[in-house]
Structures are given as structure tokens and as C-alpha cells.
Number of protein chains: 2
Amino acid sequence: MEWIFRPDAPIYTQLYEHLTLAIVSGTFPPGGRLPAVRELAVDAGVNPNTVQRALSELERDGLVYSQRTTGRYVTDDAERIEQERRKLAEGRARDFLAAMQKLGYDRVQTVVLLEKMRGERKEQ
Amino acid sequence: MEWIFRPDAPIYTQLYEHLTLAIVSGTFPPGGRLPAVRELAVDAGVNPNTVQRALSELERDGLVYSQRTTGRYVTDDAERIEQERRKLAEGRARDFLAAMQKLGYDRVQTVVLLEKMRGERKEQ
DNA sequence: GTTATTGTATTAAGTGATTAGTACAATAAC
DNA sequence: GTTATTGTACTAATCACTTAATACAATAAC
């Protein structure tokens, strides 16, 4: 995994987001074991505590759990993972619509804009 | 104007965004004079320099200009303002589509989700 | 039962950015 | 020409947050 950190946000935040996406998109499959804290830390070139912090948040979200001496695992609950994916998507959508509304775009205008932007994006 | 600042972001940033929206949405009309730095500062309950910083960014964007002793004014150039509004909207849309793609939503699914969220939002 | 590997807790240091204080500069108004 | 009002510049202090260092705890493996 390629770790590149922007300087404008905390490392642990970026780790957290990367890992969340990796789980939600299936890169780390349900029930699978994650690399150990120290392993991830070496891999990413950061302090173990920084990784620990990111993983704690994932645990808080219920996406991973830890077993004291064997390591950390992605939750078995595939439904939970899918639920998280939907929750993240709806949050994004909600924020987006609110921002567009503040800019004076009603929903129709918003969708029209999205359609107009077709072709700009890679693939999809 | 009601100034409420969240603790999770710099005040000057929030001022900048508020003021940008006020200009772009016509609350501060083109060519109109803005309140003085010290006036805004008292109104918002912050240090004048904090207001100054936000206004500097607006100036950098070309949305306002200052005349040394008479005050600051919104640009006359209505086209420029509309251009900024579009630019902001397109930026939001771009970021949104990118985030949704990372979550595994293609464009069709994204629009479907937006439609499904109708009724949740006030007015519009 | 010893050891190695795992996660966890606690504390401290560093770092950077935001905000405030204060003084300066320009000019419109009278 | 004086004054009041405006924007501007510079420096310093505060503050909060992130990261690192270090030590502890649990248990699987042998």
C-alpha cells in the first residue's frame, strides 16, 4: 500500500480515512486480519501510536475489533460494513446539497450541473 | 448578521466563507460598501486582524477591493461574481463525485441517491 | 513456564498556526 | 492644516493538537 500524506491534515486522520475506504471497498475483506500496529507503522513511516490512534477510531466505528495478542480484525458483519458505506455516502450527499443550496442551486440545477460535468472525470 | 463560530475551524476561515457566500448570493450587492474592519470585528466579537485576514483573501479572489481611507467595496463586476459562484459550485461537485467514486458509487448511483434523499431537506 | 508478539496506556515534547496587541500610513472631511 | 476614520504591517504570545518516547499488559506459541 502506498502511503502519501498531505501536510495539511493530521496523519492519523488520513490513515483513518484510507483504512475506512479500504474496508468499505473490500480491499480488507470482512473477518480478515489487519497488519499489526508496528507493522503498519513501519510501512507508513510513522509512529506506532499514530497508527494506534487511527485504528481506535475504526474500532469506535465498529469496523474492526482487536484481540489482545493475535491482532486486529475487520468485523465479520458484512451488513455493518455496507451500512457504513451507505452512511458515508449519505453524509457526503447531504453536505453537498447543503453547500449547493447556499450557493443558490436548487436540486434540479444541482443535478443538471452534475450531468454537465460528465466527460471531465476519468472512467466511470 | 449573526456570527456563530464553530470551534473546529479557524475563525478567519469561517468569516471568509460567510462573506464569500454573502457576496456570491447578493446579500452584499456589487459595488456596495462593506462595513469597516473594526466595525465587523466588534460585530463578530473578534480581533480586527482576524477580520482583516479574511478580507485579504476576498481581495485576493478579486471579489472586493479597498480604498485606503473610505473603506472596502464589493467588486462592480457582476460577471466576476457569477463566475466565482460557478467556480465554487463546480469545485463542490467535483469533490463530491470523487468522494462518491471512492465509496464505489458510479454517477448513476450517485444521482439516484440524491433523488432518494428528496424530502429530507427543508424547502428547495 | 519462558518468550515473543500483540495491543494499550501515560506522559512529555515539539510544532505550527491562530489570534491579539500595538503602532503605522494614508486621505477624506471639515 | 488638523482630525478622524480608514486600511495595513509587524511582532509576540498563546494555545491546542499531533506526534513521539517509553513502559506496561495480555496471551499465543513453543
Side-chain angles (χ1 to χ4, degrees), chain A residues 1 3-20 22-23 28-76, chain B residues 1 3-20 22-23 28-76:
Chain A
M1 192 171 285
W3 294 109
I4 300 172
F5 300 110
R6 304 182 309 274
D8 64 298
I11 294 173
Y12 82 92
T13 295
Q14 300 182 56
L15 281 169
Y16 168 63
E17 285 173 359
H18 274 166
L19 292 171
T20 298
I23 290 172
F28 289 140
R33 184 176 177 280
L34 294 172
V37 169
R38 290 165 179 80
E39 200 175 334
L40 278 170
V42 169
D43 189 37
V46 304
N47 189 281
N49 280 335
T50 306
V51 173
Q52 167 76 9
R53 178 154 184 189
L55 290 171
S56 296
E57 314 240 315
L58 283 167
E59 207 149 342
R60 183 204 54 192
D61 294 341
L63 292 184
V64 312
Y65 64 96
S66 47
Q67 257 170 356
R68 189 74 186 203
T69 57
T70 64
R72 274 205 179 73
Y73 302 85
V74 178
T75 179
D76 288 347
Chain B
M1 191 171 286
W3 295 109
I4 300 172
F5 300 111
R6 304 181 308 274
D8 64 298
I11 295 173
Y12 82 91
T13 295
Q14 300 181 57
L15 281 169
Y16 169 64
E17 286 172 358
H18 274 166
L19 293 171
T20 299
I23 291 173
F28 289 140
R33 183 174 178 280
L34 295 172
V37 169
R38 290 165 180 79
E39 200 175 333
L40 279 171
V42 169
D43 189 37
V46 302
N47 189 281
N49 280 334
T50 305
V51 173
Q52 167 76 9
R53 179 154 184 189
L55 291 171
S56 297
E57 314 241 313
L58 283 167
E59 207 149 342
R60 182 205 54 191
D61 294 342
L63 291 182
V64 312
Y65 64 96
S66 47
Q67 258 169 356
R68 187 76 186 202
T69 56
T70 64
R72 275 205 178 73
Y73 301 86
V74 178
T75 179
D76 289 347

Does the pair His18(B) and Trp3(B) meet the rule for a side chain to side chain contact (heavy atoms under 4.5 Å, CB included), with working shown?
CA-CA 9 Å; His18(B) 274 166; Trp3(B) 295 109; 2.9 Å; yes
Evaluate the side chain to side chain contact (heavy atoms under 4.5 Å, CB included) criterion for residues Val64(A) and Phe28(A): first the C-alpha distance (whole Å), next the side-chain angles of each, then the deciding distance (0.1 Å), finally the verdict.
CA-CA 11 Å; Val64(A) 312; Phe28(A) 289 140; over 6 Å; no
Residue pair Gln67(A), Arg72(A): steps toward the side chain to side chain contact (heavy atoms under 4.5 Å, CB included) verdict
CA-CA 6 Å; Gln67(A) 257 170 356; Arg72(A) 274 205 179 73; over 6 Å; no
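Closest approach of Ala54(A) and Tyr12(A) over heavy atoms only: CB-O, 3.6 Å. Of all heavy-atom pairs spanning Pro30(A) and Asp76(A), the tightest one is CB-O, 4.0 Å. The two residues Val37(B) and Val51(B) have their closest heavy-atom pair at O-CG1, 4.1 Å.
Checked by atom type and distance alone, the side chain of Arg6(B) never pairs as donor or acceptor with a backbone atom of Gln14(B) at under 3.5 Å. In this structure, Ser56(A) contributes its side chain and Gln52(A) its backbone to a donor-acceptor pair below 3.5 Å. Here the side chain of Thr13(B) pairs no donor or acceptor atom with the backbone of Ala9(B) at under 3.5 angstrom.
Between atom CG of residue Leu58(A) and atom OG of residue Ser66(A) there is a gap of 11.0 Å, rounded to the nearest 0.5 Å. Going from atom OH of Tyr65(A) over to atom CG of Leu34(A) covers 10.0 Å, rounded to the nearest 0.5 Å. Atom OG1 of residue Thr75(A) and atom CG of residue Asp61(A) lie 11.5 Å apart, to the nearest 0.5 angstrom. Between the CZ atom of Arg38(B) and the CG atom of Asn47(B) there is a distance of 10.5 Å, given to the nearest 0.5 Å. With values rounded to the nearest 0.5 angstrom, Leu63(B) atom CG is found 11.0 Å from Leu55(B) atom CG.
Residues from residues 3-18 of chain A with heavy atoms under 4.0 angstrom of DNA chain D, sorted by number: Pro10(A), Ile11(A), Tyr12(A). If you check residues 42-58 of chain A against DNA chain C, the residues with a heavy atom closer than 4.0 Å are Asn49(A), Gln52(A), listed by number. Residues from residues 64-75 of chain A placing a heavy atom under 4.0 Å of any atom in DNA chain D, listed by number, are Arg68(A), Thr69(A), Thr70(A).
On the nucleic acid side, DNA chain D contacts chain B at distances under 4.0 Å to non-hydrogen atoms, with the end points of that region at dT6(D) to dC10(D).
For Glu17(B), the salt bridge (charged side-chain N to carboxylate O under 4.0 Å, His left out) criterion is met by no residue, not counting sequence neighbours.
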Once Watson-Crick and G-U wobble pairs under 3.5 Å are found, how is DNA chain C written in dot-bracket notation, 5' to 3', with | for any base paired to another strand?
||||||||||||||||||||||||||||||
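Distance CZ (Arg38(B)) to P (dG21(C)): 14 Å, rounded to an integer number of Å.
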